[in-house]
Amino acid sequence: MTSVATWNVNSIRSRLLHLLDWLKADAPDVVLLQETKCVDDAFPALEIEALGYSIARHGEKSYNGVAILSKFALSDIRIGIPGNEEDTQARYIEALVATPSPMRVASVYVPNGQTPDSEKFPYKLRFLDRLNAHVARLLTRGDRLVIGGDYNIAPEDSDVHNVHEWAGTVLTHIEVRKRLRAMLHQGLYDAGTLMNVRDFTWWDYRAGAFANDDGLRIDHLLLSAQAADSLSGYRVVRQVRALEKASDHAPVLGSFN
DNA sequence: ATGGTAGGCTCCCTA
């Protein structure tokens, strides 16, 4: 059994104790992190390596930043979406994991987009288009593939606690939903949907959102058919969101036979 | 009600 998790930590340095406690408790084999918010030299590697993890990271100062932690050896590490080198934001990393049956994984932090009329929204749409093109190339390899991350997209209204509050925002906008569906149409499967678990993964820090369970499902594990066929478990680790000084996202944990 | 809170870093940006 191999477990693969995705978690937007909202600063790995602020969340290090939560991360270490959770790694000890659930011992996921592979962890896909987003919003590490630090340059590679400032990444707290020693504490994580002490728990038996290898690390691939791609950070920048203050914003964004993605990483892969793995109890199995990592190879073929790639930074950024290939053919997209002009985008300097650290939002994508992939690697081949030496699990008994090898698995290619990627950690992706899709741009939030701020508001539909901001200049950040077309950047979000272009990023999703480029991710889609890259997924098409990855799927031709035919290996077990897990692309996990903060997609900043609630796929359907049933993934939103307060549909009216979030209607027309960058998390529920028709244009981002179309692009997520395009990713599924070309052969990726959403682990939450496969396991019939539609739990929320993100609750705003403001206005007591977590206490009111005013959340959205925007973090996803997207699987190739080969990975989907071995999916055996899926859960959102809500306890980690309930801690003091928590990230605004909860880890999402998938299990594979 | 265009607020509210959090993180990083600088007197503001991003989410």
Side-chain angles (χ1 to χ4, degrees), chain A residues 6-22 32-45 47-48 57-67 80 87-92 107-128 131 148-155 159-173 175-177 179-180 200-220 236-252:
Chain A
T6 181
W7 187 23
N8 179 322
V9 289
N10 188 18
S11 170
I12 189 154
R13 288 178 292 177
S14 286
R15 222 63 60 205
L16 183 59
L17 293 180
H18 286 7
L19 174 65
L20 296 174
D21 284 347
W22 174 61
L32 311 168
L33 298 175
Q34 301 87 38
E35 281 208 271
T36 53
K37 289 188 172 180
C38 68
V39 296
D40 291 346
D41 286 346
F43 193 98
E47 297 92 329
I48 295 167
R57 57 195 184 270
H58 176 36
E60 63 176 274
K61 188 182 176 187
S62 303
Y63 301 114
N64 312 313
V66 287
D87 186 347
T88 58
Q89 298 191 20
R91 296 180 174 276
Y92 184 89
S107 176
V108 61
Y109 178 44
V110 173
N112 172 281
Q114 204 160 59
T115 60
D117 59 354
S118 79
E119 75 288 347
K120 295 188 178 66
F121 191 61
Y123 169 63
K124 179 178 192 174
L125 300 183
R126 286 198 306 274
F127 183 95
L128 287 166
L131 180 61
D150 176 359
Y151 284 80
N152 271 312
I153 303 170
D159 299 306
V160 181
H161 176 263
N162 187 336
V163 173
H164 175 71
E165 178 188 4
W166 290 96
T169 68
V170 293
L171 302 184
T172 62
H173 198 282
E175 290 301 323
V176 301
R177 285 180 166 172
R179 282 162 176 80
L180 181 62
F200 304 137
T201 64
W202 174 79
W203 300 259
D204 200 293
Y205 282 123
R206 296 166 286 191
F210 186 66
N212 298 321
D213 199 26
D214 183 5
L216 292 87
R217 190 173 75 98
I218 59 172
D219 301 87
H220 309 292
V236 177
V237 189
R238 193 180 265 257
Q239 309 91 281
V240 172
R241 178 62 180 82
L243 298 169
E244 287 296 314
K245 301 290 282 179
S247 168
D248 44 352
H249 296 254
V252 174

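A, B, ... follow the sequence lines: proteins, then strands. Residue 1 opens every chain. Heavy-atom basis, side chains included; hydrogens, waters and symmetry copies ignored. All figures in this text were calculated on a predicted structure; none of them were measured in a lab.
- B:dC9 and B:dA15 are spaced 15 Å apart, taking the C1' atom of each and rounding to whole Å.
- For A:Tyr63, there are no ring-ring contact (aromatic ring centres under 6.0 Å, His included) partners, not counting sequence neighbours.
- The interatomic distance linking A:Arg15 (CZ) with B:dA6 (P) rounds to 10 Å, in whole Å.
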Expected string for nucleotides 9-15 of chain B under the B/S/- scheme (protein heavy atoms, under 4.0 Å, primed atoms plus P, OP1, OP2 as sugar-phosphate) is SS--BSB
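- Qualifying side chain to side chain donor-acceptor pair (under 3.5 Å) partners for A:Asp41, counting only residues two or more places apart in sequence or in other chains: none.
- Scored by the side-chain contact (heavy atoms from CB on, under 4.5 Å) test, A:Arg13 finds A:Ser11, A:Cys38, A:Ala42, A:Pro44 as partners (sequence neighbours excluded).
- Within the structure, the salt bridge (Lys or Arg N to Asp or Glu O under 4.0 Å) test picks out the following pairs touching residues 237-249 of chain A (sequence neighbours left out): A:Asp213-A:Arg238.
- Between B:dA1 and B:dC11, the distance separating the two P atoms is 34 Å to the nearest Å.
- Between A:His164 atom NE2 and B:dA1 atom C1' there is a gap of 12 Å when expressed in whole angstrom units.
- Atom C1' of nucleotide B:dA6 and atom CG of A:Leu243 are separated by 16 Å, given to the nearest angstrom.
- Remark: A:Tyr92 engages A:His134 in a ring-ring contact (aromatic ring centres under 6.0 Å, His included) (not counting sequence neighbours).
- The distance from atom CD of A:Glu165 to atom C1' of B:dG4 is 11 Å, rounded to the nearest whole Å.
- B:dG3 and B:dG8: their C1' atoms are spaced 22 Å apart (whole Å).
- A 4.5 Å side-chain heavy-atom check between A:His249 and A:Asn10 finds every atom pair outside the cut-off.
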